[in-house]
Amino acid sequence: MIKPKLPALAAGLKNKLIQQALERKLRQLDTERDGGATPLIRGVGATIPEDFYRFHLHPGYKQIRIIHDGAARLGLQDPFFKLHEGNATDQTTIGGQTYINYASYNYLGMSGDPVVTQAAKAAIDRYGTSVSASRLVSGERPVHRELEMALARLYEVDDAVTFVSGHATNVSTIGYLFGPRDLVLHDEFIHNSVLQGIQLAGAQRLPFPHNDWRALDRLLEEHRKTFERVLIVLEGIYSMDGDYPDLPRFVEIKRRHRAFLMVDEAHSLGVLGAHGRGIREHFGLAGTDVDIWMGTLSKTLAGCGGYIAGESALVEHLKFLAPGFLYSVGMPPSVAAASLAALKHMLTVPQRVATLQARGRFFLEQARAAGVDTGSSQGLAVVPAILRSSIKATQLSSQLFERGINVQPIVYPAVPEKSARLRFFISCLHSEAQIEQTIEALAALT
Ligand code: PMP
């Protein structure tokens, strides 16, 4: 591929120029596309601007086109929606070629593990492929409760409830439990699903600087009294940065200010702690130190969906009243069975957790030694290579792809332009040789 020569413009200015050029092009395309084809509308309808009834003029769509057309003009390969032709582990097959794969969060290799696959197949044989109703009415199957009780045991709390989507778990839980008289404080790097939940709740929202418990404490000193319920939301391992909070500090603060604490364990389950029980095991905390344990089934647990674990009053509440549970179908038994099998299996193979932690550390050390900016990553399943330019991240991802390495760029608007990056997900299946090959390629290209 020919590398386009870009003048050394500041990223902001460069993006602005691309944006202006593309907006001109879009205006021209819009004129050409319509070519007077739209019939003349008379009456009230004639006064409604086209922007309000045409999808191609929706601001989101325009932004996507600007980004895609800009990438195409610069000769960049589209890094999205790559077709993986088999199970994605440390390797994956795309277009008939095998790649070393860092784009999947199959941290403990449970997706594709025969134990997990067999459990899913047996559940299909017994229950079919769908429960065909909300759990509350006629969608309940034994495997749902078995999975939830196993999750409750994992956190040593009363109970757990599973939702059909991890994203919807956060949206529906926060959206249902909190309201306009409440405050949600969250780490500035919190996942989008939490932000969406806060928006749905209509609660006030205050971000605090990444992992900064002192800043959180100050915010609570100032604002706690103004609100009724206050929720603090953290991640067990941050999904973009691969670091984790000093959880005992946050527990002490939430107790002092009489707030609820919620921890999203999406990337921490299977990764932190000697047995992969997550950040709780890492710090040796009690399950009851955190009010709302949230996690996803889509990473270590080789399924799809999310869970909330905590006291009975919380779980019962959600099962009867959270719209994302109540008005949504029960999880397919095959998915619940796969995640249950993965969870049970995880607890019997601590060596996989140890290998994952060792490979993550190895990746981080090698990357740092090669001068890669890995930010605040602790080498726990997620290691970014921060490039500070969406164009550079996309180019580098495509150059690595040409060398047999599949890693996804994370670009604006998913992250601010100044933190555009490649994000490497490490699995316990990666070998040191694969990691060395990757870092060599990365160093040669940067
Ligand atoms: N929380 C975090 C921290 C995540 O990274 C994600 C997405 N991977 C979710 C929630 C949503 O989970 P899911 O993709 O399983 O819907």
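For ligands, and for the atoms within them, numbers begin at 1 and follow the listed sequence. Counting begins at 1 with the first residue of the sequence. Atoms considered below: every heavy atom in the structure, side chains included; atoms not considered: hydrogens, waters and symmetry mates.
Annotation for ligand 1: atoms under 4.0 Å from non-hydrogen atoms of Glu235 are 3 (C). Shown in contact with Ser298 at under 4.0 Å from a heavy atom are these atoms of ligand 1, numbered in order with element: 13 (P), 14 (O), 15 (O). For ligand 1, the atoms sitting less than 4.0 Å from at least one non-hydrogen atom of Ser239 are 5 (O), numbered in the order shown with element in parentheses.
In this structure, atom 5 (O) of ligand 1 lies nearest to the protein heavy atom His267 NE2, 2.7 Å. Regarding atom 12 (O) of ligand 1, its nearest protein heavy-atom neighbour is Thr296 CG2, 3.3 Å. When only non-hydrogen protein atoms are considered, atom 6 (C) of ligand 1 lies nearest to His191 NE2, 3.2 Å. Ranking the protein heavy atoms by distance from atom 1 (N) of ligand 1 puts Asp264 OD2, 2.6 Å first.
An N or O contact shorter than 3.5 Å links Lys299 to ligand 1 by distance.
Taking the six-membered ring wherever Trp is involved, the centroid distance between the rings of His430 and Phe363 does not fall below 6.0 Å. Side-chain rings of His210 and Tyr238 approach one another, their centers coming within less than 6.0 Å.
Judged by a 6.0 Å distance limit and a 45° cone about the ring axis, Lys299 is not positioned over the six-membered ring of Phe425.
Residue His167 touches ligand 1 through backbone and side chain together, judged by heavy-atom distances below 4.0 Å.
Heavy-atom proximity to atom 13 (P) of ligand 1, evaluated over Ala266, Gly236, Gly166, Ser193, is greatest for Gly166.
Surrounding NZ of Lys82 are more than 12 heavy atoms belonging to other residues, nucleotides or ligands, all under 6.0 Å away.
The aromatic rings of Phe401 and Tyr99 sit parallel, their planes meeting at an angle under 30°, below the 60° perpendicular limit. Classified by interplanar angle (parallel below 30°, tilted 30° to 60°, perpendicular above 60°), the ring pair His191/His167 is perpendicular.
Partners of Tyr127 by ring pair (Phe, Tyr, Trp, His ring centres under 6.0 Å), not counting sequence neighbours: none found. Qualifying ring pair (Phe, Tyr, Trp, His ring centres under 6.0 Å) partners for Phe325, counting only residues two or more places apart in sequence or in other chains: Phe163.
Under a 4.0 angstrom heavy-atom cut-off, Tyr105 registers as being in contact with ligand 1.
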